[in-house]
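Per chain, numbering begins at 1; letters A, B, ... match sequence-line order.
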There are 2 protein chains.
Amino acid sequence: MKQRSKAGHRTPIREQQRLDPSEREAIIAREAVTFFAEYGFEGQTRELAKRLHITQPLLYRYFPSKEALIERVYQDVFVERWKPSWEKIITDRSVPLKARLVRFYREYAAVILTYEWIRLFMFAGLKDLGLNARYLKMLRERAFEKVIEEIRVEYGRPSTGELPVTDLEIEMVWGLHAAIFYLGVRQFIYSMPLETDVNSIIDAKIATFLNGFRSVLPAKG
Amino acid sequence: MKQRSKAGHRTPIREQQRLDPSEREAIIAREAVTFFAEYGFEGQTRELAKRLHITQPLLYRYFPSKEALIERVYQDVFVERWKPSWEKIITDRSVPLKARLVRFYREYAAVILTYEWIRLFMFAGLKDLGLNARYLKMLRERAFEKVIEEIRVEYGRPSTGELPVTDLEIEMVWGLHAAIFYLGVRQFIYSMPLETDVNSIIDAKIATFLNGFRSVLPAKG
DNA sequence: CCGATAATTGATCGATCGATAAATAACGAT
DNA sequence: ATCGTTATTTATCGATCGATCAATTATCGG
């Protein structure tokens with residue numbers, strides 16, 4: 001009782017049937033991102049195949065196992081979406097510090113405050129795997145510590161090379177990160193629409209962040 | 001190949017066997033909390049039974065379905081652990097405002113910053129169900145709006161009865177809540193131990209929160 | 001138009017899940 | 001002691017899961 005074409009005869013309607021392997025693989029990976037973001041990693045491969053209008057065994061021609069497909073999702077979302085240019089934005093001292101932070105956090109927020117990113121990151125964390133710890137370690141090294149260094153320089157304090165980042169300083173940065181991340185949690189996990197513009201909130205948070213940071217800065221060297 | 005008693009003969013060791021239904025039910029519910037917090041709601045009933053040293057069908061004598069058991073977990077964690085005294089703490093004007101907030105948020109944090117609470121709340125959110133939205137609606141009415149009202153009074157502004165809570169004000173409270181909640185996420189979802197004392201962080205957050213709140217207060221009435 | 005290649009499907013396996021019913025055995029009352 | 005109640009276990013069902021393999025058919029070069 002198939003209905004490949006409407007009236008039994010061949011229809012001119014283009015129903016793409018056989019695709020190039022590379023194209024099919026990309027389509028599967030793309031759909032897997034939104035699928036696992038919605039249902040979690042226990043989402044069934046049959047359901048994913050249904051969304052793709054293909055049969056479930058076809059998935060296994062392109063990915064050796066469900067776990068391999070999930071790894072691909074991790075790669076596409078958490079690795080590929082990281083912009084190396086962010087690190088340049090933070091350290092570009094031809095731009096005023098506050099403007100740099102605003103630009104970085106706005107761009108970063110635009111990437112992570114999506115249905116896929118937030119939910120997949122949370123699903124991964126609850127499943128453990130250490131993926132989150134690895135990602136946040138990178139985030140700390142490539143972004144957070146640079147932010148602290150730039151603030152130190154701005155206020156004429158010793159470099160993080162001389163005096164390592166303090167617990168209080170890193171905690172301040174975590175607090176800012178928490179505020180932004182939580183906007184995504186409210187939207188995409190709690191299903192509570194935000195009543196205020198995200199960029200406005202970010203700007204305000206950065207302002208109070210910079211203000212509060214002065215009280216945790218190490219003494220002048 | 002059972003080993004009910006060590007050497008085949010009846011041992012004097014007290015191996016509680018038959019329990020009062022009320023007691024057994026309580027034990028099951030208690031273990032279900034930590035079990036589902038660890039594995040999520042897709043955790044298998046057979047695994048839960050193994051932890052309880054009982055057989056899986058016994059669970060169905062006390063709970064008609066797995067879903068009913070999960071509902072019980074929600075009740076025990078998100079409803080039973082709410083302390084009505086918190087609302088009194090916030091509104092007790094014989095105590096200075098800042099001291100009230102510190103006390104409330106410390107006590108509240110002590111309840112929600114646990115492995116069970118944080119993870120179950122997140123699992124529930126990802127599964128939807130509307131539980132989170134319901135809980136946060138209650139949190140907003142019973143706590144957040146009271147906090148705002150007290151700050152309004154402190155600074156001689158119109159009551160929330162006259163002038164409803166503004167988006168900016170509620171956003172400030174969300175920010176404070178986010179900072180505290182995220183401490184739990186870091187610990188119990190990302191498995192990243194905190195390097196700073198929680199109460200110290202809360203105190204600091206409240207200080208900057210109160211400071212920042214003045215800039216979003218409505219004009220004097 | 002034809003034949004080879006391979007993308008896709010149909011059929012199915014083995015394990016695992018929530019749930020049910022009947023059998024067993026622990027405990028209190030008499 | 002023994003008898004009835006019922007907490008608990010044993011056995012099992014039906015559905016569903018990830019995964020495998022052989023059959024099918026769309027597509028392209030000649």
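- Atom OH of B/Y60 and atom P of D/dA7 are 19 Å apart (whole Å).
- Rounded to an integer number of Å, the gap from A/L59 CG to C/dA7 P is 15 Å.
- If you measure from atom CG of B/L19 to atom C1' of C/dA25, you get 15 Å, rounded to the nearest angstrom.
- Taking atom CG on A/L58 and atom P on C/dT8, their separation rounds to 5 Å, with Å as the unit.
- Following rounding to the nearest Å, A/Q56 (CD) and C/dT8 (P) show an atom-to-atom distance of 15 Å.
- Geometrically, B/R81 does not engage B/W117 in a cation-pi contact, judged by NZ or CZ lying under 6.0 Å from the ring centre and within 45° of the ring axis.
- Residue contacts shown for B/P57 include a base, since a base heavy atom lies under 4.0 Å away.
- For A/R61, the side-chain atoms get nearest to C/dA6 when compared with the rest of C/dG18, C/dA6, D/dA7.
- Near-neighbour residues of DNA chain C inside residues 63-77 of chain B, defined by a heavy atom below 4.0 Å, number-ordered: B/S65, B/K66.
- Salt-bridge formation is not detected for the pair B/E195/B/R186: no Lys NZ or Arg NE/NH1/NH2 atom is positioned less than 4.0 Å from an Asp or Glu carboxylate oxygen.
- D/dT25 atom P lies 18 Å from atom CD1 of A/I54, rounded to whole Å.
- Following rounding to the nearest Å, A/E25 (CD) and C/dT8 (P) show an atom-to-atom distance of 12 Å.
- Taking 3.5 Å as the limit, the base of C/dA6 and the side chain of A/R18 contain a donor-acceptor pair of atoms between them.
- Looking at B/K146, its side chain never comes within 3.5 Å of a backbone N or O of B/K88 through a donor-acceptor pair.
- B/Y190 and A/F121 have their aromatic ring centers within a separation under 6.0 angstrom.
- Comparing D/dT10, D/dT12, C/dA7 against the side chain of B/R46 picks out D/dT12 as the nearest.
- Cation-pi contact between B/K127 and B/F41: present, with separation from the ring centre below 6.0 Å and deviation from the ring axis of at most 45°.
- A/K66 contributes a side-chain N or O that, together with a main-chain N or O of A/G43, makes up a donor-acceptor pair within less than 3.5 Å.
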